[in-house]
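Positions are given from 1, in the same order as the sequence printed here. Just so it is clear, the values below take in all heavy atoms, side chains as well, and ignore hydrogens, waters and symmetry mates.
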Amino acid sequence: MSMDTIRKLFRIFGTFLRISPLTFGGGYAMLPAIQREVVVAKHWITDEEMAEVVAVSGAAPGGVGVNLSALVGYQLAGIPGAVAAVIGITLPTFLIVLLLSLTYSWLEHYPKMEAFMDGIHAAIVGLIAAAAYKMAKTSIFDGMTFLTAVGTVAVMMYITVSPVLLIALGLVTGVIVVYFKQKWGWKNPLSHKEKAISESSDNKTAEYYMADGI
């Protein structure tokens with residue numbers, strides 16, 4: 001393994017190591033911080049690639065944050081890059097959760113601890129909503145994708161159904177719609193324009209982590 005590859009692996013590891021302990025909520029709540037780091041700050045992947053990676057990460061088993069880290073690391077440096085990214089994203093979280101679990105077991109019956117947890121729950125809802133909005137800007141670009149998204153939310157809210165089935169139905173729906181668009185002469189049925197990100201890549205780390213993660 002060359003020194004350039006080793007340095008790249010350390011950069012991948014360091015990037016995700018820095019993201020992990022400064023983003024609260026995990027999963028989709030981590031997406032804004034990861035997006036700013038790998039797309040805006042480092043330009044490792046594009047917005048379109050980020051949207052595709054997020055879609056695959058959400059469809060695959062396991063936590064979406066870990067899946068996303070693994071896919072980004074793999075795209076940058078193959079299997080070693082995926083391993084470096086996963087270790088970076090999970091190591092701080094594991095240590096923090098272990099410490100918090102021990103602390104919570106001692107203090108869980110105190111009223112202030114209960115109020116603290118209620119506040120965290122509300123904040124996590126906001127973080128997930130922000131991540132969903134950012135995903136929607138790149139993933140919903142025509143009537144079919146909009147109806148698919150709305151229909152999926154409605155079904156999940158009112159019917160007990162496996163997410164795997166909904167993902168499979170979304171896949172089949174997309175294939176069928178694109179087939180008929182091509183058959184009816186739609187020249188480029190998959191093309192869509194994405195809004196350029198206006199944020200500067202020289203944002204201070206503390207500023208955008210406070211905005212997206214805490």
Q.
Per the side chain to side chain donor-acceptor pair (under 3.5 Å) rule, what does the pair list look like for residues 85-96, sequence neighbours excluded?
A. Ser20-Thr93
Q. Atom CG of Leu31 and atom CZ of Arg36: how far apart are they, to the nearest 0.5 Å?
A. 13.0 Å
Q.
Taking side chain to side chain contact (heavy atoms under 4.5 Å, CB included) as the definition, give me every residue that meets it alongside Leu171, ordered by chain and number, with sequence neighbours left out.
A. Val175
**Q.** With sequence neighbours excluded, residues passing side chain to side chain contact (heavy atoms under 4.5 Å, CB included) with Glu52
**A.** Glu48
Output a table of donor-acceptor pairs, distance under 3.5 Å, between side-chain atoms of residues 57-64 and any protein atom two or more places apart or on a different chain; print 'none' if there are none.
residue : atom : partner : partner atom : Å
Ser57   : OG   : Val53   : O            : 2.7
Ser57   : OG   : Leu68   : N            : 3.3

Q) Of all heavy-atom pairs between Gly88 and Pro92, which one has the smallest distance, and what is that distance? A) O-CD, 3.1 Å
Q. Is a side-chain donor or acceptor of Glu37 paired with a backbone partner of Ile34 at a separation under 3.5 angstrom?
A. no
Q: Treating Ile, Leu, Val, Met, Phe, Trp and Tyr as nodes and any side-chain heavy-atom pair under 4.5 angstrom as an edge, say whether Phe10 and Met3 lie in one connected cluster.
A: yes
Q.
Can you tell me how far apart CD1 (Ile12) and OG (Ser69) are? Round to the nearest 0.5 Å.
A. 11.0 Å
Q: Can you see which heavy atom on Ala70 is nearest to which on Ala82, and at what distance?
A: O-CB, 3.4 Å
Q: Please answer: with hydrophobic residues joined when any side-chain heavy atoms are less than 4.5 Å apart, are Val54 and Val56 in the same cluster?
A: yes
Q.
Distance check, rounded to the nearest 0.5 Å: Leu100 atom CG versus Ser105 atom OG?
A. 10.5 Å
Q: Any side chain to side chain donor-acceptor pair (under 3.5 Å) involving residues 145-158? Give me the pairs, sequence neighbours left out, ordered by first then second residue.
A: Asp142-Thr145
Q | Thr5 and Lys8, any side-chain heavy atoms less than 4.5 Å apart | A | no
Q) Is there a path from Met156 to Val150 through hydrophobic residues (I, L, V, M, F, W, Y) whose side chains come within less than 4.5 Å of each other? A) no
Q | Spacing of Arg18 atom CZ and Ile89 atom CD1 [to the nearest 0.5 Å] | A | 11.0 Å
(Q) Measuring from atom CZ of Phe180 to atom CE of Met144, what distance do you get when rounded to the nearest 0.5 angstrom? (A) 13.0 Å
(Q) Test of understanding: with side chain to side chain contact (heavy atoms under 4.5 Å, CB included), list the residues that count as partners of Tyr179, not counting sequence neighbours. (A) Lys183
Q: Would you mind listing the cluster partners of Ile79? Hydrophobic ones only (ILVMFWY), side-chain contacts under 4.5 Å, chaining allowed.
A: Phe13, Leu17, Tyr74, Val83, Ile87
(Q) Taking side chain to side chain contact (heavy atoms under 4.5 Å, CB included) as the definition, give me every residue that meets it alongside Val153, ordered by chain and number, with sequence neighbours left out. (A) Met157
Q) Do the side chains of Asp47 and Gln35 get nearer than 4.5 Å, heavy atoms only? A) yes
Q) Hey, does Val86 have a side-chain heavy atom less than 4.5 Å from the side chain of Phe16? A) no
Q) Less than 4.5 Å apart, any side-chain heavy atom of Asp4 and any of Arg7? A) yes
Q) Roughly how far, to the nearest 0.5 Å, is the CE atom of Met50 from the CD1 atom of Ile45? A) 5.5 Å
Q | Verdict with supporting geometry, Gln75 and Glu49, side chain to side chain contact (heavy atoms under 4.5 Å, CB included) | A | CA-CA 10 Å; Gln75 185 166 343; Glu49 290 172 334; 3.5 Å; yes
Q.
Hydrophobic clusters here meaning ILVMFWY residues chained together by side-chain heavy-atom distances under 4.5 Å, can you tell me if Leu165 and Val155 are in one?
A. yes
Q. Under the 4.5 Å side-chain heavy-atom rule for ILVMFWY, direct or indirect, which residues accompany Leu99?
A. none
